[in-house]
Number of protein chains: 2
Amino acid sequence: MNPYIKRIKDASNQLNPEIFAELEEVFVDKKFSKGAYLLRPGQICSSHLLIKEGIARKFYFNGHKEITTEIYFHDDVAVSLDSYIMQKPGDVFIEALTELEVTIIDYGRFHKLTHKYPEVMMLDKMFIEYYAVWFEQRLKEFQTMDASQRYLSLLEKEPKIIRFLPVTIIASFLNVSLETLSRIRSKMTSE
Amino acid sequence: MNPYIKRIKDASNQLNPEIFAELEEVFVDKKFSKGAYLLRPGQICSSHLLIKEGIARKFYFNGHKEITTEIYFHDDVAVSLDSYIMQKPGDVFIEALTELEVTIIDYGRFHKLTHKYPEVMMLDKMFIEYYAVWFEQRLKEFQTMDASQRYLSLLEKEPKIIRFLPVTIIASFLNVSLETLSRIRSKMTSE
DNA sequence: CCGTAAATTTGATGTAGGTCAAATAATCAT
DNA sequence: ATGATTATTTGACCTACATCAAATTTACGG
């Protein structure tokens with residue numbers, strides 16, 4: 001498991017049961033059908049979305065080109081960071097790629113707990129740390145790897161993505177054209 | 001001013017004077033001469049480095065190629081995030097590009113305060129949030145802009161970088177070859 | 001099943017930006 | 001200053017990947 005995720009799990013397991021119970025009150029489960037948008041540009045991201053079941057992605061438009069920034073699976077947390085932190089309208093879509101079950105953690109109610117219990121703020125901080133390092137590593141991949149290497153790295157880290165998603169979305173996540181991704185794939189299977 | 005920086009400044013100004021005083025005790029000033037390394041690969045990043053005077057950068061080697069990830073000026077905070085958070089050896093250099101004065105905020109002593117005062121943890125969290133969003137935006141630039149656009153964007157946001165630093169370093173920050181950067185520049189001045 | 005639409009592959013061609021090499025220009029020590 | 005060293009520019013060429021277009025495969029509603 002990712003060491004940052006492990007760190008968060010450990011910390012939440014060590015939470016005093018009373019706090020944990022209060023925390024769970026803030027959680028609201030919800031289902032979305034395939035293709036539904038959990039967030040759209042212009043909306044304020046008012047919650048963390050913890051994925052229980054299914055796959056989702058975050059993407060934005062650059063002109064006519066879709067850029068997929070994140071793909072979420074079980075236990076991942078989907079959030080539009082800038083919009084969430086500053087509570088201002090964002091510019092991304094969060095989309096259900098399959099039937100989806102999520103736990104919604106409301107911003108306002110969560111923040112109250114954050115101020116009531118330092119442990120909860122710590123947990124919140126750990127999430128942000130995970131995000132920051134995740135982005136740093138992803139940036140590094142773009143700065144040091146070519147398209148094939150990024151594909152290989154993804155294949156290794158998230159084989160699920162490759163198995164279940166159409167090339168369009170994988171290509172947009174790797175920031176290459178779908179034609180290029182197709183060629184990378186055919187070259188790899190032929191070797 | 002960057003809204004995240006403003007947010008941090010506002011919060012630290014609202015800090016109760018007693019806490020502020022305790023916080024200042026943790027601060028230690030230090031000078032470095034041009035070319036000195038404040039951090040090297042293999043070392044654990046055990047402090048935040050707040051730049052008081054001068055310019056610094058963070059970089060790492062990818063094979064023989066240097067990649068500059070950040071360039072720091074007055075009031076910026078230099079830290080190797082992954083190494084700092086997990087307190088494990090990192091793989092980056094932090095280098096003084098000029099004569100440099102920094103305020104060192106020691107990890108251990110700062111963390112004690114973080115647990116003593118929720119306000120301080122909040123401040124710490126805000127720093128991480130700033131970092132996370134900074135990385136997200138930088139990633140976006142690589143995904144949506146070509147070399148000239150990245151140069152223009154840097155010129156606009158950080159004209160100081162362009163004025164005071166050699167092409168080698170700017171090029172490595174923009175992730176282009178120095179030759180390409182040189183051509184971009186000559187094309188721009190001729191137009 | 002079959003026809004149609006969507007997804008994927010394959011091919012031809014263009015271009016941004018890399019690499020290597022040489023030419024200037026700037027910096028610096030004696 | 002003057003030579004030596006380092007930084008920057010310029011030129012020739014090459015490669016990874018984009019784009020456009022067509023072919024093929026897959027999925028899917030009737």
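We name chains A, B, ... by the order of the sequence lines, and we start the count at 1 in each one. Bear in mind that the values here come from a model prediction, so they are computed numbers and not experimental data.
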Is the NZ or CZ atom of B:K140 positioned over A:Y60's six-membered ring, under 6.0 angstrom from the centre and within 45° of the axis? yes

Would you check if A:Y84 and A:L81 make a side-chain contact, meaning some heavy-atom pair closer than 4.5 Å? no

Please list all pairs passing the salt bridge (Lys or Arg N to Asp or Glu O under 4.0 Å) test where one or both residues lie in residues 7-26 of chain B, with sequence neighbours left out. B:K6-B:D10, B:R7-B:E129, B:K9-B:D75, B:E22-B:K116

Is there a continuous path of hydrophobic side-chain contacts, each under 4.5 Å between heavy atoms, that joins A:Y72 to A:I161? no

Using a strict heavy-atom distance below 4.0 Å, which residues from residues 58-69 of chain A are in contact with DNA chain C? none

Taking five pairs at each end, how big is the angle between the two axes of the helix from C:dC1-D:dG30 to C:dT30-D:dA1, to 10°? 40°

State, without any angle test, whether B:S47 and B:D106 hold a side-chain donor-acceptor pair at a distance under 3.5 Å. no

Listed once per pair and sorted, the salt bridge (Lys or Arg N to Asp or Glu O under 4.0 Å) pairs that draw on residues 155-182 of chain A, sequence neighbours left out: A:E141-A:K157

Suppose we screen for side chain to side chain donor-acceptor pair (under 3.5 Å). Which residues come up paired with B:K65, at least two apart in sequence or across chains? B:N175

List for me each residue that meets ring-ring contact (aromatic ring centres under 6.0 Å, His included) alongside B:F32, sequence neighbours excluded, and say none if there are none. none

First contact, last contact: which nucleotides of DNA chain D are these for chain B, 5' to 3', heavy-atom distance under 4.0 Å? D:dT8 to D:dA12

Bounded by its outermost nucleotides with an atom under 4.0 Å from a heavy atom of chain B, the footprint on DNA chain C reads C:dG17 to C:dC20

Can B:F142 be reached from B:Y131 by stepping across I, L, V, M, F, W or Y side chains whose heavy atoms are under 4.5 Å apart? yes

Measure across A:L100 and A:A56 and return the closest heavy-atom pair with its distance rounded to 0.1 Å. CD2-CB, 3.9 Å

Could you work out, with ring-ring contact (aromatic ring centres under 6.0 Å, His included) as the rule, every residue matching A:Y4, not counting sequence neighbours? none

For DNA chain C, which residues in residues 155-184 of chain A have a heavy atom at a distance below 4.0 Å? A:P166, A:V167, A:T168, A:E179, A:S182, A:R183

Non-hydrogen side-chain atoms of B:I169 and B:L97 separated by less than 4.5 Å: yes

Give the other cluster members for A:F93, using side-chain heavy-atom distances under 4.5 Å between Ile, Leu, Val, Met, Phe, Trp and Tyr residues; answer none if it is isolated. A:Y37, A:F59, A:F61

Pairs flagged by ring-ring contact (aromatic ring centres under 6.0 Å, His included) wherever residues 143-188 of chain B is involved - sequence neighbours left out: none

So does B:Q149 have more than 12 non-hydrogen atoms from other groups sitting under 6.0 Å from CD? yes

